[in-house]
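Take a look at the structure below.
First the proteins, then the strands, lettered A, B, ... as listed; each starts at 1.
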Amino acid sequence: MVDNKSIAEVFHEIADLLEIKGDNPFRIRSYRNAAMVVETYPESFDTLVREGTTDLQSISGIGEAISGKIKEIVASGDCKAHRDLLKQVPGSLLEIMQLQGVGPKTTALLWKKMHVKTVEDVEKLATAGKLRKLPGLGEKSEQKILESIQNRKKFSGRHLLSQAEEAAEEILRYLGAKPGEKATRKSSRRTAGVNFFAVPAGSLRRARETIGDVDILVTGKKCSAVIDRFVKFPGVDSVLAHGDTKGSVRLKTGLQIDLRAVEEKSLGAALQYFTGSKDHNVALRTRAQKMGFTINEYGLFAVDRKGEKEKWVAGRTEEEIYEKLKLQFIPPELRENRGEIEAAEKKSLPRLVELEDVRGDLHMHTTETDGTASLGEMVEAARGRGLQYIAITDHTQSTRVANGMDEKRLEKQIQAIDKLQRQFNDITVFKGTECDILADGRLDLPDSILEQLDVVVVSIHSHFQQSTREVMDRLERAFSNPHVRIFAHPTGRLLFHRPAYAVDLEKLFALAKKYKVCLELNSQPERLDLNDVALRRAPELGVPIVISTDSHATQQLDYLKFGVRTARRGWLEAKHIANTQPMKTFLKTISRH
DNA sequence: GCCGTTTTCGGCCCGACTGTTTTCAGTCG
């Protein structure tokens, strides 16, 4: 079984290697594009190829050559063209090309002139002052390369969505701007009172699960003063750039933040441009061009016959840009060039779920196991957030590190919930459990106690090394228990820490459908599991999703926003999500009869 | 290498910034 990501990786590497070789840039772009298409395609290419029912070339971006290579990789796990390239260009050069400020040309130069093969080689030569003699490089370039080698060791690269969002909000507060997306909706009149206002763009605005760097746009008067203040933010480790229209810093956490000043007239265009994604923008520009426009961060311009810019058409808001391109407004979470432009053209974009749609939270812990808040505190916190129903789902006995509960302790908790419930008529507290699925698929608690619960959530916390076959058999056995309602964090992945266990997503959806088990979208920032790509299959396959926080503390109830934004990235509407429904409908949706 | 309201060849998104250069190449987003 070859997953889409591995196929995409081969194409990424082919593109990088061709680039070092100095091959045709458009050919390189094709491979990059193909990698992106494969990586984000909702179905497994392995399955597509084996079933043989889909013509790969019908997928945009995949032609004769790449289709052949996909088939080759699925059949043999290898690609001859890739192997041949690695004979011509050492694979270790790819790591050099990853260094900030070092691209394919410099990598090729280092390799051909200095016979450099590894980052360590580069470091030695730079330290010895030997790089500055190369044509096109000087003392400063040498210093920059050395710095980026050191930074590479110091900073891991990407950051969790939650960390990036916190950093952005902290900086906006520091700058004296109101944080949050809503700032974009404000008219210029509202901003006149303040000196300026600021809004995050980039992958943070699209709510990607991990963030490389944070882009913030500011507009208004005296933006250069804002940038001056920005580079003095207390959390700054180093200032990377400091000009009139742009500032760039590295925080002590390693996160890079770029601040750009734009004119109010161009704010919409800049927001569109810097929100990306790159692939979305490329597709949008291509469309603009066909319609006789050109588009950049300053606005949408009409073009004359010679291709010269003629007149400014739009740019104050994003809405007017999409409108001029005869598209529905595309929410940032969808801007990944995964079909959103085609859907916007047909006016068939989904009405994405909103945070306010969610009425319940079906996964949370208390001090009874590994939570930091008591039952009463969790309920109060949920009430305070306006939730109409929640489920208390503490761990079960086999998860010993979390002080998991046995039957007796759970019985006591059931009584405690019954007692507590009498105090409230504005929130319903479901009695639940996050019951372990044991290695062989049995559940960690007997039916005699499960049948007393309102919501049985099940999940995997052990034996992550099982084969796909073992995992799927394990899940089928668990799902066949009639008390099981929700399968939590279905792939078990932890961002930056642990890959998913060997779950076959297509089969998982089929099992969920067969046994009427809902799949969870876990809102913990390091989980976001199921992810955006997987979620998109849920409506097609008729499997309801439940968005839960898996809170281990009262403040974590706010993680719901990350779950909702991930759901939006998965094109989900409120109707696809069980816990947007009123309590009674919800109970009906998750009931199996 | 892909694609087609320039349709089987000839295009392919575009601008800022930086450092090295005297007019531009490389990198980045």
Would you kindly give the CG-to-P distance between A:Asn33 and B:dG1, to the nearest whole Å?
-> 14 Å

Looking across every strand, which nucleic acid part, if any, lies under 4.0 Å from A:Leu240 by heavy atom: base, sugar-phosphate, or nothing?
-> nothing

Nearest-Å distance for atom pair CD/P, residues A:Glu142 and B:dT18 | 20 Å

So what does A:Leu284 touch, heavy atoms closer than 4.0 Å: a base, only the sugar-phosphate, or nothing?
-> nothing

Closest nucleotide of DNA chain B for A:Pro135 versus for A:Thr107: which of these residues is on the 5' side?
-> A:Pro135

Of the nucleotides B:dT27, B:dG29, B:dG1, which one has an atom closest to the side chain of A:Lys278?
-> B:dG29

Checking B:dC12, B:dG19, B:dC2 against the side chain of A:Phe26 (C-beta onward), the nearest is B:dC12

Atom pair distance, as rounded to whole Å: CG in A:Asp215 and C1' in B:dG15 | 15 Å

Evaluate the criterion side chain to side chain donor-acceptor pair (under 3.5 Å) for residue pair A:His82 and A:Glu13; output intermediate values, then yes/no.
-> CA-CA 8 Å; A:His82 181 235; A:Glu13 281 203 23; 3.1 Å; yes

Salt bridge check: are A:Lys80 and A:Asp78 linked by an N-O gap of less than 4.0 Å?
-> no

Between B:dA16 and B:dG11, how far is it from one C1' atom to the other, in whole Å?
-> 25 Å

B:dC2 P sits how many Å from A:Ile28 CD1, rounded?
-> 14 Å

For the side chain of A:Ala65, counting heavy atoms from C-beta on, which of B:dG29, B:dC14, B:dG1 is nearest?
-> B:dG1

Here the distance between atom C1' of B:dC2 and atom CZ of A:Arg27, to the nearest Å, is 12 Å

Are A:Thr245 and B:dA16 close enough that a side-chain N or O sits under 4.0 Å from OP1 or OP2?
-> no

Quote, to the nearest angstrom, the C1' distance that separates B:dT23 from B:dT18.
-> 15 Å

Between A:Glu336 and A:Ser277, what is the shortest heavy-atom contact and its length?
-> CA-OG, 3.5 Å

From the candidates B:dG1, B:dC14, B:dA16, the one with an atom nearest any side-chain atom of A:Glu297 is B:dA16

Given B:dG1, B:dT27, B:dG19, which nucleotide is nearest the side-chain atoms of A:Lys144?
-> B:dG19

Between A:Gly101 and A:Tyr31, the residue closer to the 5' end of DNA chain B by nearest nucleotide is A:Tyr31

Look at A:Ser30 and B:dC12 and indicate whether a side-chain polar atom (N or O) is within less than 4.0 Å of OP1 or OP2.
-> no

Taken to the nearest whole Å, NZ/A:Lys105 to P/B:dC24 is 16 Å

Under 4.5 Å between any side-chain heavy atoms of A:Leu541 and A:Pro539, yes or no?
-> no

Take the protein atom CG of A:Leu134 and the nucleotide atom C1' of B:dT20, then report the distance between them rounded to whole Å.
-> 13 Å

Length of the line joining A:Asn24:CG and B:dC12:C1', which is rounded to integer Å | 10 Å

Could you check which of B:dC3, B:dT20, B:dG1 has an atom nearest any side-chain atom of A:Ser141?
-> B:dT20

Could you tell me whether A:Ile14 contacts a base, only the sugar-phosphate backbone, or nothing, with contacts defined as non-hydrogen atoms closer than 4.0 Å?
-> nothing

Whole-Å P distance, B:dC12 and B:dC17 | 25 Å

Pairwise C1' distance, B:dG1 and B:dT8 [rounded to whole Å] = 14 Å

Could A:Arg537 and A:Glu540 be called an ion pair, given the rule that one side-chain N must be under 4.0 Å from one carboxylate O?
-> yes

Taking atom P in both B:dT6 and B:dC14, what distance in whole Å separates the two?
-> 16 Å

Considering every strand shown, what is the Watson-Crick or G-U wobble mate of B:dT8 when both distances are under 3.5 Å?
-> none

OP1 or OP2 of B:dG29 under 4.0 Å from side-chain N/O of A:Ser248 = no

Just to confirm, is there a sub-4.0 Å distance from OP1 or OP2 of B:dA16 to any side-chain nitrogen or oxygen of A:Tyr298?
-> yes

Flag this pair as yes if the NZ/CZ of A:Arg27 is under 6.0 angstrom from the six-membered ring centre of A:Phe11 and inside a 45 degree cone about the axis; otherwise no.
-> no

Rounding to the closest angstrom, what is the interatomic distance between B:dT27 and B:dT20 at atom C1'?
-> 13 Å

Checking all strands, does A:Pro25 fall into the base, sugar-phosphate, or nothing category for heavy-atom contacts under 4.0 angstrom?
-> nothing

Residue pair A:Ser203 / A:Arg208, side-chain donor-acceptor N/O under 3.5 Å = no

